[in-house]
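Worth saying up front: this structure is predicted, and the values here are computed from it rather than measured. Numbering of ligands and ligand atoms starts at 1, following listing order.
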Amino acid sequence: MLFKEKVIYQIYPKSFKDTTGNGVGDLNGIIEKLPYLAELGVEMVWLNPIFPSPQKDNGYDIKDYMAIDPLFGTMADFENLIAQAKDLGIEIMLDMVLNHVSTEHPWFQKALAGDKRYQDYFILRDEPTDWVSKFGGSAWAPFGQSGKYYLHLYDKTQADLNWRNPEVREALFEVVKFWQAKGVKGFRFDVINVIGKDEVLKDNDQFDGKPEYTDRPITHTYLKEMNQATYGNDPEIITVGEMSFTTVENCILYTQPERHELTMTFNFHHLKVDYENGQKWTDAPFDFEQLKSLFHEWGTQMSEQTGWNAWFWNNHDQPRALNRFVEVEQYREAGATMLASAIHLNRGTPYIYMGEEIGMIDPTYHSIHDYVDIESHNAYQALLAQGLTPAAAFAIIQKKSRDNARIPMQWDTSANAGFTTGTPWLASDQQAETINVAAEKHGGKIFPYYQKLIALRKNYPVIAQGTYEAFVPEHPQVYGFIRRYENQSLLVVNNFYAAETLVELPAEFVAGDVLITNTELTEVTQKLTLQPYQTVALLVEH
Ligand code: NOJ
């Protein structure tokens, strides 16, 4: 299947390239940089939401599903983007936020004005449950003066839609069809595993378990219905569901091809291995044992049961992986390329978040006022309320804020990293003096390494299609796996630490060819020494 050979690149449009000087990235900026993406070799680009929105949650609060926010350009610009990208072999994936709408959306406004038809578009109750919003506080807010409450699993300006109402589903499917007709070939469905709420809503018994509204069985029914009504009619379309608090069992069900739900799923377990007691707003080192066993569990089970994973280290909601998993001051290049190998040679579709291919890192901001993200501000207040000093609370925000990923893309050393000639909506960082596309193209190691990984996936079926087996699962420093497909076998070993280590290779691979490595390797011996953050992939053709 062709989709397995593709690598997807994520653009956060607000921060990619501004062509108007208003400090916000735009569609024409993306068009301008298409040749750069083609040079990298990616074949699909996922754009975070570009629809009209009050931007309370950076576009995840949509007020019109079938238009382009003037902040980013016009519908003509979007059509131009689709066409120009296609000419370079790149398709566009849009972000469909179908769990909730902005409270400024006409549906919510009509509901508030008393229209019963639209009130049934939302989840209104006389008594709230104990559910908490993912951005802090209760997940229920008063519905005007009605005495009722509406559900908002995210910000109170993001009202959850009532998928139990067939008219809501029909309206949302029209949205998908609208963009499909424009030539969009990919859909990323935001928090899609929370759309299926039960008829009778129950309190959560415990918050460390799965919230009551997650992965309900009816979600699978809704996805099948959406598949049938929309993208299921076009085999070229790629869909990815963002899954919150999910399980491997459910993700297998969401993605087994014969079930006709989604192409693949994002899960976040591997990016919670540096949470203390499961809490995001803490500062703890990553737990390698946990990371490794999650990779093995998901890799093996998905492989045995024909599910398909979307793999990523970075996105617009995560601090940079280089700051989390690597001693970045000393080993930025080795760490970046090792992390890349660990997912690009894996079974599943790799995603690259803008700037990852040049090794961008978290910014050094000095004040809470430098941050824009609503979640970071809520968390800062919550940490102060828990009794942390402002300095201690700020230190955690610096580590965990989503804005770490949202800083402007670094093109060169000109003002604001070449992102804008105006004032960027979120400050650019001094790291741009050394970490930028122009510098990386002149002797950097990360960009060419990504180019090579992307090309390998297209040329070696064992990477795109092979099965997955864990290798040395007990090794204290190495995450290793074996892929097999027809006459090809591939062994990948990744040293996750800044210290050298030894790994014993199975005899089968000692005579293998080095397909890719990020550090000098003169000879493959059975006892192989891996340098700090070294990755080695050995290919055998039987
Ligand atoms: C997940 C998105 O990735 C995030 O940015 C957003 O805030 C929530 N969903 C709510 O839509």
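- Proximity of F135 to ligand 1, defined as any heavy-atom pair under 4.0 Å, is confined to the side chain (atoms from C-beta onward).
- Salt-bridge annotation for K14 and D69: absent, with no side-chain N of the basic residue lying under 4.0 Å from a carboxylate O of the acidic one.
- With D317, N99, D57 as candidates, the residue nearest to atom 7 (O) of ligand 1 on a non-hydrogen basis is D57.
- Partner H220 forms a side-chain hydrogen bond (donor to acceptor under 3.5 Å, both in side chains) with one of N250, D215, N193 and no other, that one being N250.
- For the ring pair (Phe, Tyr, Trp, His ring centres under 6.0 Å) with W179, the qualifying choice from Y65, F51, Y231, F173 is F51, the only one to do so.
- Among protein heavy atoms, atom 9 (N) of ligand 1 sits closest to D190 OD1, 2.9 Å.
- Close contacts of ligand 1 with V191, meaning ligand atoms under 4.0 Å from a residue heavy atom, involve 9 (N).
- Using 4.0 Å as the threshold, Q318 has no heavy atom nearer than that to any atom of ligand 1.
- Numbered from 1 in the order shown, with element, the atoms of ligand 1 that lie under 4.0 Å from a heavy atom of R406 read 5 (O).
- Distances from ligand 1 to the non-hydrogen atoms of R402 include at least one value under 4.0 Å.
- Salt bridge D362/R320: absent, no basic N to carboxylate O contact under 4.0 Å.
- The pair K56-D61 does not meet the salt-bridge criterion, since no charged nitrogen lies less than 4.0 angstrom from a carboxylate oxygen.
- At a heavy-atom distance under 4.0 Å, only side-chain atoms of R188, from C-beta outward, approach ligand 1.
- For the pair K400 and W281, the cation-pi criterion (under 6.0 Å, within 45° of the ring axis) is not fulfilled.
- A heavy-atom separation below 4.0 Å is found between H100 and ligand 1.
- Contacts between E242 and ligand 1 below 4.0 angstrom, taking non-hydrogen atoms only, involve the side chain exclusively.
- Taking a cutoff of 4.0 Å between a charged side-chain nitrogen and a carboxylate oxygen, D274 and K272 do not qualify as a salt bridge.
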